[in-house]
Structures are given as structure tokens and as C-alpha cells.
Amino acid sequence: MEHPGLSTTMRRILLLMSCLILAVGICGGPLMMRLYYVEGGSRIWLSSWLQTGGWPLTLIPLATLYYYRRKIEGSNAKFYLMTPRIFIASFVIGVATGLDDFLYSWGGSKLPVSTSSLLLAAQLAFTAVGAFFIVKLKLSPFSINAVVLLTVGAVLLGIRSNGDRPEGVTSKEYVIGFMMTLLAAALYGVILPCIELTYMKAKQAITATLVLEIQMIMSFAATAFCTIGMIVNKDFQAMSREAKQFNLGEARYYTVVVCTAAIWECFFVGIIGVIYCSSSLMSGVMIAVLLPVTEVLAVIFFKENFSGEKGLALFLSLWGFVSYFYGEFRQTKKEKNKSPEAEMTTHTESV
């Protein structure tokens, strides 16, 4: 039987694994999406669909965990652990995720990876504010400082909004893409605390199986939302035509599509794992921390221009990350110092 109360060591190992999986998704996902657009792809709803279309991959670890439970519990093992209440919450959050996918895909079609990634760094600020109101997370002065710095960085990028406009994109399209990406960051900054709130209100043990079930339903709902968009926009009929016109060839078109779906699923599984082992704010921090890696990869693979404004915005973002982590370090150290005193007080009262 899965034990809901993981040991500190196991939780750290699971957190590390989740962070590694998240790193693959957050660094590879934007690059694959940009590759699709740069080489001739243009279907925004398809690009949105691919962000969660890899949800069936979640069935692999779920099946493994189920057989593990069967081995321990025998015929008494439940096929699934999710209650109707959690299913509804997960489905609603999933629909919101589908909308967020569309906003991000729209922005990604008009912006270079370096700019869209810097804008998404503002997600940490939105996550912090969302966590404060939704799950009553206490914000330290260091967290607030990080929020302010990331917000200033996003504003700084907006001052020179046309400096890195891709070829063939009008000024109006660029501005709309800029706003769509920022809106996507804001919406996902609300979604992450809502996932954490679902855990808190679950009224049952939060196991690895339940976490994966929640992720699968969320991705399924998001995919269903985007599927409706694809049907209305006739993307399914256009895929074969688009594949033939793809700059890298028809076979590589489908390779890009499949790999994009798989890599984005790593992002969502990693995110929900980090929230399970830590908090929604920590997941936002991890996304922001991986920003420099995505920046460097975008410059290497797509030869994107890295202007002075982007450099300053990146500096402010990194300053914000350091501020947040320093605050977390101080808070952890403070709690450890208080623990022996609290135990001594309790022992004295009992005597």
C-alpha cells in the first residue's frame, strides 16, 4: 500500500525527480513550440492541444502503481483513488489550463522564445500573490522583493516592445502576443495555488497515485477544451496540408508534434510533483529559476537577439530568485532554531 506520509528522504528524492522532469518540460517545451512556428507551423489551437495532449503517458506510472498496490493489498486494491469532488475540481482547473495553453500558444507564435520566457518569469509574482489569497501563504519581505523585481523586469521588456519583433510579425500582432503571454503567466499563477488548494481540501490521503490522477484529469480536460477549438478552427483537416509544407519535411513534422506533446507532459507532471512535495510557490520559483537555461538555448538554436533590455530584465529576474531563496533559507533556519525551544517548553509544561 502506498504510504501517504513519505519520509523526509523519500520526499526529497521525489522532489528532485520532479524538478528534473520539470526542467525537461520548461526548457524543451518552449523551444519545440517555437520550432513548430519557425519551420512553417501556424495552427495555434494545435500548438495549444500539444501542451497537454500527452496525458495518456500518465497511465504508465499509474498502471505501475496499481499493480504495486495489487501486490500488497490483493483484490482489495482500488482501481482509482479519486473522489467525485476531486474529479470535478481537477476538471475545472484543467479547463482553465486549456485556456492558459491557448493564451501561451498565441503569444509564442508572435514572440521569440527569449522574450516569452522572460515574460513568464513574472509568473512567480502572480503565483506568490495567488498563493497569498488562495492558500493563505505568508509572504516574507524577501518574497515581496522578488515579486516587485520580476514585475519591473516585465515592464522593462514592454518599453521596447518592437526591438526583437520576428520577421513577418506586425507591431500590432507583437503587442497582442506580448499581452497574451503576460495574461497566460497571470492565469497560471492562479492555477498553481488552486492545485495546492485541491490537495488541502481533498479530505483524503494525498498519495503519489492521487497526484498523478489529478494531473491526468487536468490534462484530459485541457486537451478536451483545445480539441473543441481545433474542431471549430478545422485544424485536424489542415494538419496533413501543413505537414507537406513544413520546412523540415513531412516526417519531421509529425516527429516535432509527437515530441512536443511528450516534452510538455513532462512539464505538467513535474509541476504537480513539486507542488505535492513542496508548495505552489516553489513550483513557480522552479519555473523562474530555469529561465536562464531556456534563454541560452533560444540564443543557441534560434540565433535570437539578446538586447540590453533583455539582459537587464534577466538580471532583475535573477535578483528576484536570489531574494526569494535567501528568504526561504532564513525562514527554514529560523524554524530550526525555534524547534528545540518549543520542545523544551512543552516538556516543562508537562512536568
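- Aromatic ring centres of Y188 and F126: separated by at least 6.0 Å.
- In this structure, CD1 on I88 lies 10.5 Å from CZ on F91, to the nearest 0.5 angstrom.
- Annotation: side chain of W55 is not in contact with side chain of M218 (no heavy-atom distance under 4.5 Å).
- Side chains of I21 and F267 form no contact here, defined as non-hydrogen atoms less than 4.5 Å apart.
- In summary, the side chains of R69 and T209 do present a donor paired with an acceptor at a separation below 3.5 Å, with no hydrogens or angles considered.
- Counting heavy atoms from C-beta outward, Q245 and E250 have side chains that stay 4.5 Å or more apart.
- Annotation: side chain of L46 is in contact with side chain of E242 (closest heavy-atom distance under 4.5 Å).
- In this structure, CG in L187 is found 6.5 Å from CG in L103, a value given to the nearest 0.5 Å.
- Y254 OH: more than 12 foreign heavy atoms inside a 6.0 Å radius.
- In this model, a donor atom of one side chain and an acceptor atom of the other lie less than 3.5 Å apart for E265 and T58.
- Considering only heavy atoms from C-beta on, L99 stays 4.5 Å or farther from Y104 through its side chain.
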Derivation of the side chain to side chain contact (heavy atoms under 4.5 Å, CB included) call for Q204 and I86: CA-CA 10 Å; Q204 68 180 103; I86 297 179; 3.1 Å; yes
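- Using a 4.5 Å cut-off between side-chain heavy atoms of Ile, Leu, Val, Met, Phe, Trp and Tyr, with links allowed through other members, I228 and F225 fall into different hydrophobic clusters.
- Taking the six-membered ring for Trp and thresholds of 30 and 60 degrees, F315 and W319 have ring planes inclined between 30 and 60 degrees apart.
- Closest non-hydrogen pair, S42 versus Y36, comes out as N-OH, 3.4 Å.
- When all heavy atoms of A205 and L210 are compared, the closest pair comes out as O-CD2, 3.5 Å.
- Looking only at side-chain heavy atoms (C-beta outward), V113 and L297 stay at 4.5 Å or farther from each other.
- Judged purely by distance below 3.5 Å, without hydrogens or angles, the side chains of E196 and Y276 never pair a donor atom with an acceptor atom.
- Taking all atoms of both residues into account, the shortest heavy-atom contact from N145 to S323 is ND2-OG, 3.1 Å.
- Hydrophobic clustering (ILVMFWY, side-chain heavy atoms < 4.5 Å, transitive): W106 and V95 are in one cluster.
- The environment of M82 atom CE is dense: over 12 non-hydrogen atoms of other residues, nucleotides or ligands sit within 6.0 angstrom.
- Pairs of residues two or more places apart, or lying in two chains, that qualify as salt bridge (charged side-chain N to carboxylate O under 4.0 Å, His left out) and include a residue from residues 215-240 are R43-D235.
- Atoms OG1 and CZ, on T198 and R85 in that order, are 9.5 Å from each other to the nearest 0.5 Å.
- Between the side chain of E73 and the backbone N or O of R70 there is no donor-acceptor pair closer than 3.5 Å.
- With sequence neighbours excluded, no residue satisfies salt bridge (Lys or Arg N to Asp or Glu O under 4.0 Å) with E39.
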_Between T227 and W49, does the side-chain hydrogen bond (donor to acceptor under 3.5 Å, both in side chains) criterion hold? Intermediate values first, please._
CA-CA 7 Å; T227 299; W49 188 93; 2.9 Å; yes
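- Here the closest non-hydrogen pair linking G108 and T181 is N-OG1, 4.4 Å.
- Residue L22 holds its CG atom at 8.5 Å from SG of C27, rounded to the nearest 0.5 Å.
- Closest heavy-atom contact between V256 and M32: O-CE, 3.8 Å.
- To the nearest 0.5 angstrom, I191 atom CD1 is 11.5 Å from S283 atom OG.
- Under 3.5 Å, the side chains of E213 and Y80 contain no donor-acceptor pair of N or O atoms.
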Item to complete: Carefully, step by step, assess S219 and T52 under the rule side-chain hydrogen bond (donor to acceptor under 3.5 Å, both in side chains).
Response: CA-CA 5 Å; S219 292; T52 52; 5.6 Å; no
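- Between I44 and F102 there is a side-chain heavy-atom pair separated by less than 4.5 Å.
- When each of L197, I195, L192 is paired with V135, the side-chain contact (heavy atoms from CB on, under 4.5 Å) condition holds for L197 and for no other.
- L57 and I271 are members of different hydrophobic clusters when ILVMFWY side chains are connected at heavy-atom separations under 4.5 Å.
- Among all heavy-atom pairs drawn from G53 and A261, the shortest one is C-CB, 4.5 Å.
- With hydrophobic clusters built from ILVMFWY side chains whose heavy atoms lie under 4.5 angstrom apart, L212 shares a cluster with Y199.
- With a 4.5 Å cut-off on side-chain heavy atoms, L35 and L248 count as touching.
- Cluster annotation: V269 and V258 are assigned to distinct hydrophobic clusters (Ile/Leu/Val/Met/Phe/Trp/Tyr, side-chain heavy-atom contacts under 4.5 Å, transitive).
- In this structure, F132 places its CZ atom where only 12 or fewer heavy-atom neighbours from other residues, nucleotides or ligands lie under 6.0 Å away.
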### Task
Decide yes or no on side chain to side chain contact (heavy atoms under 4.5 Å, CB included) for V129 and F133, but give the supporting numbers first.
CA-CA 6 Å; V129 175; F133 286 106; 3.7 Å; yes
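- Within a 6.0 Å radius of CE in M179, no more than 12 heavy atoms belonging to other residues, nucleotides or ligands are found.
- Atom CZ of F246 has more than 12 neighbouring heavy atoms from other residues, nucleotides or ligands inside a 6.0 Å radius.
- We find the CD-OG distance between Q51 and S105 to be 4.0 Å, quoted to the nearest 0.5 Å.
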